[in-house]
There are 4 protein chains.
Amino acid sequence: MSSPPTRPVLRARYERRRAEVVAAAARTFAQRGYHGTSIDDLIAATGLTRGGLYHYMDGKEALLIAVLDELMDPLLARTRAILDGPATPEDHLRALTRAWLEHIATHRDHMVVFNQERRTLERDPAWKHIRAARRDFERLLGGVLQRGVEAGAFRTTDPQLTLLALLGMANYTAQWYAPRGRLSAEQIADRYVDLLLDGIRA
Amino acid sequence: MSSPPTRPVLRARYERRRAEVVAAAARTFAQRGYHGTSIDDLIAATGLTRGGLYHYMDGKEALLIAVLDELMDPLLARTRAILDGPATPEDHLRALTRAWLEHIATHRDHMVVFNQERRTLERDPAWKHIRAARRDFERLLGGVLQRGVEAGAFRTTDPQLTLLALLGMANYTAQWYAPRGRLSAEQIADRYVDLLLDGIRA
Amino acid sequence: MSSPPTRPVLRARYERRRAEVVAAAARTFAQRGYHGTSIDDLIAATGLTRGGLYHYMDGKEALLIAVLDELMDPLLARTRAILDGPATPEDHLRALTRAWLEHIATHRDHMVVFNQERRTLERDPAWKHIRAARRDFERLLGGVLQRGVEAGAFRTTDPQLTLLALLGMANYTAQWYAPRGRLSAEQIADRYVDLLLDGIRA
Amino acid sequence: MSSPPTRPVLRARYERRRAEVVAAAARTFAQRGYHGTSIDDLIAATGLTRGGLYHYMDGKEALLIAVLDELMDPLLARTRAILDGPATPEDHLRALTRAWLEHIATHRDHMVVFNQERRTLERDPAWKHIRAARRDFERLLGGVLQRGVEAGAFRTTDPQLTLLALLGMANYTAQWYAPRGRLSAEQIADRYVDLLLDGIRA
DNA sequence: TATGAATGAGCCTTCATTCAT
DNA sequence: CATGAATGAAGGCTCATTCAT
């Protein structure tokens with residue numbers, strides 16, 4: 001990867017193209033898996049040539065890092081911003097779930113890649129910052145549940161398992177969500193929160 | 001792959017070894033991903049030699065098929081057996097979830113592989129029967145929810161989304177479940193069903 | 001590189017072929033330089049196929065290491081053996097120079113490679129043991145000169161420069177020595193020692 | 001490479017920059033070898049941009065030619081100038097060795113590159129003029145030894161081997177000479193000549 | 001004059017698989 | 001039965017060079 005141009009005009013074009021490359025990588029990794037994606041798949045997805053691709057990336061793994069950073073960094077920032085404001089645990093939970101599902105909806109491919117490579121991420125020391133981001137997010141979410149229990153708003157003997165249930169159902173959304181589908185991300189979030197709060201028993 | 005021996009004694013040993021190979025493949029695929037696993041990884045995991053491995057398999061992809069069949073076939077059989085018996089929707093739901101999580105608990109690696117390769121499975125015609133099995137399972141599970149709603153036992157405006165929520169939380173278990181953990185698979189199943197039925201609102 | 005076979009017969013053949021590969025590498029590196037040699041050059045020189053080459057080596061750099069080890073290890077061993085025995089400084093000098101030039105004569109390619117890659121060797125931490133071997137050899141040789149001076153056998157105000165002169169003339173031999181040439185390695189050694197001791201002034 | 005500017009001011013700047021590029025190439029080739037040096041290494045060493053570099057050179061190989069010409073041409077000219085004057089063989093030898101080592105001292109990188117690429121130079125027809133220059137220099141130097149023997153000033157049964165010894169020790173200087181070292185190039189030359197003439201025997 | 005995006009051939013290496021022994 | 005040597009296609013990546021701007 002050559003260093004980015006310094007002249008503003010070229011710099012802007014460079015950044016734009018680079019973002020396209022990362023987006024194409026996210027899409028392709030999501031479809032074929034990271035290891036299942038060849039550089040040729042990526043050049044087909046970007047329209048660049050084999051060598052040209054390397055203007056915009058350091059290598060395949062750097063692309064994976066970029067995809068996962070694009071997923072985690074804004075989500076974590078958004079999460080922290082929401083939790084900075086005062087609200088009841090229920091409101092925090094709802095706001096967080098909405099933000100989360102909206103982020104997944106706009107980053108479906110990224111999320112699918114994250115789910116696919118989860119195991120690799122756990123093993124390799126190179127991915128520490130991604131693991132840390134995931135853990136931070138889960139802790140912040142778990143904290144909301146915990147405070148809800150302590151405040152008497154939520155009733156559950158096992159907040160940890162509740163957290164895992166919520167993580168499972170929300171993250172799974174990436175596998176089936178369709179942008180033009182019946183429900184918006186916000187609606188899905190609300191229904192999930194309702195489900196979690198009230199259940200379905202008649 | 002040479003054809004299996006016919007003499008019973010040799011046949012038995014052959015089958016045993018083959019099962020070990022599939023188990024090792026499941027473990028290794030789960031850790032490194034299917035594409036990320038090399039034949040060398042498999043010979044390291046099995047202790048066989050390069051050539052020896054090919055006595056027990058037709059190739060890497062055949063191994064993936066075997067892993068996924070070991071996951072889907074018994075689960076589907078078990079599911080059908082449970083649904084064959086008469087029970088309330090709630091009892092069916094609970095029995096199904098228990099069987100499902102117990103199966104995941106004993107087939108964690110298989111399930112992780114399934115989750116990882118999900119996208120590949122959707123794309124390639126070679127995987128039709130795996131896709132069909134997954135779809136059948138989801139339909140059977142969805143049917144229980146549907147009947148519960150129709151019978152007035154469950155109250156939900158969107159059984160399909162409820163199904164997706166349940167799929168998400170249950171399948172996610174494979175990512176974190178530990179055999180010697182605090183909760184048994186059965187307990188997890190029960191708490192998930194309780195959660196789904198009653199929610200956590202105080 | 002696959003691990004060497006354990007069965008003696010196969011092991012022997014493996015070792016023999018591996019030695020051939022290293023020899024071919026030495027020859028080719030000497031002709032074209034290490035960086036100038038492609039894997040295709042090596043397969044042409046060995047008769048192996050592209051993939052087959054990797055049965056006998058870990059990679060191109062491992063081959064370079066093997067070449068340099070084949071050069072340094074026996075020379076250093078021989079040097080130490082010679083210095084273990086008692087002798088006058090002049091006899092030690094002569095014996096050492098003979099051994100050295102004979103070694104160069106039978107390892108011309110190795111020596112040429114060493115001379116070519118000298119600078120790279122100095123820079124990269126990966127080559128520490130090669131650097132150490134070179135330094136040890138030079139110290140042992142320098143010690144002989146030093147002791148000769150102390151014993152009053154050699155008269156030189158600058159043993160270090162004398163060492164460098166000797167190193168220069170001897171190592172240069174690899175560049176022009178021809179196995180079937182007018183002079184044997186032993187004769188060259190003797191003449192170099194005579195030159196060093198007595199000069200050419202009429 | 002664009003053709004050099006014709007307007008004197010621009011021309012001068014062009015020539016200056018071009019000389020810097022060749023110097024940087026010598027330095028980098030010496031450190032990493034010719035084949036081991038990439039264009040990126042050269043742009044890093046010159047501070048030019050990728051495209052800018054090609055304003056001052058025709059390509060990588062042209063740079064190598066320039067480096068070697070800078071080494072050989074002045075040395076040969078100087079050698080011929082010295083030999084043009086009348087002197088005893090000993091004085092000629094001393095003057096030549098001084099000039100030679102002083103040239104090496106101011107062209108260490110060039111000399112290192114020459115030593116490294118020696119084998120390549122021998123093989124490729126493109127390098128005929130470099131080979132011819134080397135051969136001419138060696139012949140001129142050998143001639144001095146030869147005449148010394150014929151004049152009865154030098155006593156050696158093998159002037160050719162003596163020449164090779166001298167070439168070895170002198171050329172090797174490039175590998176260890178340090179500009180600010182203990183000895184000047186002239187001093188080294190004198191000691192080498194003394195050594196060659198008188199030896200070190202007490 | 002100077003830039004840096006773009007090229008595509010070629011680099012070293014790994015791969016799943018076959019087959020003579 | 002079992003071995004491991006051998007294959008050659010394909011992998012990710014770097015290269016020297018060109019050229020529109």
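Bear in mind that the values here come from a model prediction, so they are computed numbers and not experimental data. Below, all heavy atoms of this structure are taken into account, side chains as well, without hydrogens, waters or symmetry copies.
Under the Watson-Crick or G-U wobble criterion, with both distances below 3.5 Å, dT3(F) is paired with dA20(E). In this structure, dA9(F) and dT14(E) make a Watson-Crick or G-U wobble pair, each of the two defining distances being under 3.5 angstrom.
Between Met57(A) atom CE and dT14(F) atom P the separation is 9 Å, expressed in whole Å. Across the protein-nucleic acid pair, Tyr14(A) atom OH and dT3(E) atom P stand 18 Å apart, rounded to whole Å. Note: CG (Asp58(B)) to C1' (dT18(E)) measures 13 Å, nearest angstrom. Following rounding to the nearest Å, Asp40(C) (CG) and dG8(F) (P) show an atom-to-atom distance of 13 Å. Put simply, NZ on Lys60(B) is 17 Å from C1' on dT18(E), counting in whole angstrom units. Atom CD1 in Ile43(D) sits roughly 12 Å away from atom C1' in dA16(F) (whole-Å rounding). Taking atom CG on Leu53(B) and atom C1' on dT3(F), their separation rounds to 13 Å, with Å as the unit. Separating the CZ atom of Arg50(A) from the P atom of dC11(E) is a distance of 14 Å, rounded to the nearest angstrom.
Sequence order on DNA chain F of the closest nucleotides to Gly52(B) and Ser38(D) puts Gly52(B) first from the 5' end. Nearest-nucleotide mapping onto DNA chain E: of Thr49(D) and Arg17(A), the residue sitting toward the 5' end is Thr49(D). The residue among Ile39(C) and Gly51(B) whose nearest nucleotide of DNA chain E lies closer to the 5′ end is Ile39(C). Nearest-nucleotide positions on DNA chain F for Arg13(C) and Tyr34(A) put Arg13(C) closer to the 5' end.
In this pair, Tyr56(A) and Tyr14(A) present their aromatic rings tilted. The plane angle is within the 30 to 60° band.
With contacts defined as side-chain heavy-atom distances shorter than 4.5 Å, the pair Asp58(C)/Ile65(C) does not qualify. When side chains are defined from C-beta on, Ile43(D) does not count as touching Thr49(D), because their heavy atoms never get closer than 4.5 Å. Taking 4.5 Å as the limit, every side-chain heavy atom of Thr46(A) sits out of range of all side-chain heavy atoms of Thr28(A).
Distances shorter than 4.0 Å separate none of the side-chain N or O atoms of Tyr54(C) from OP1 or OP2 on dA5(F). Side-chain N/O atoms of Tyr56(A) include none lying less than 4.0 angstrom from OP1 or OP2 on dA5(E). Taking 4.0 angstrom as the limit, His55(C) places a side-chain polar atom (N or O) nearer than this to OP1 or OP2 of dA5(F).
Contact between Gln116(B) and Phe29(B) at its shortest, heavy atoms only, is OE1-O, 3.3 Å.
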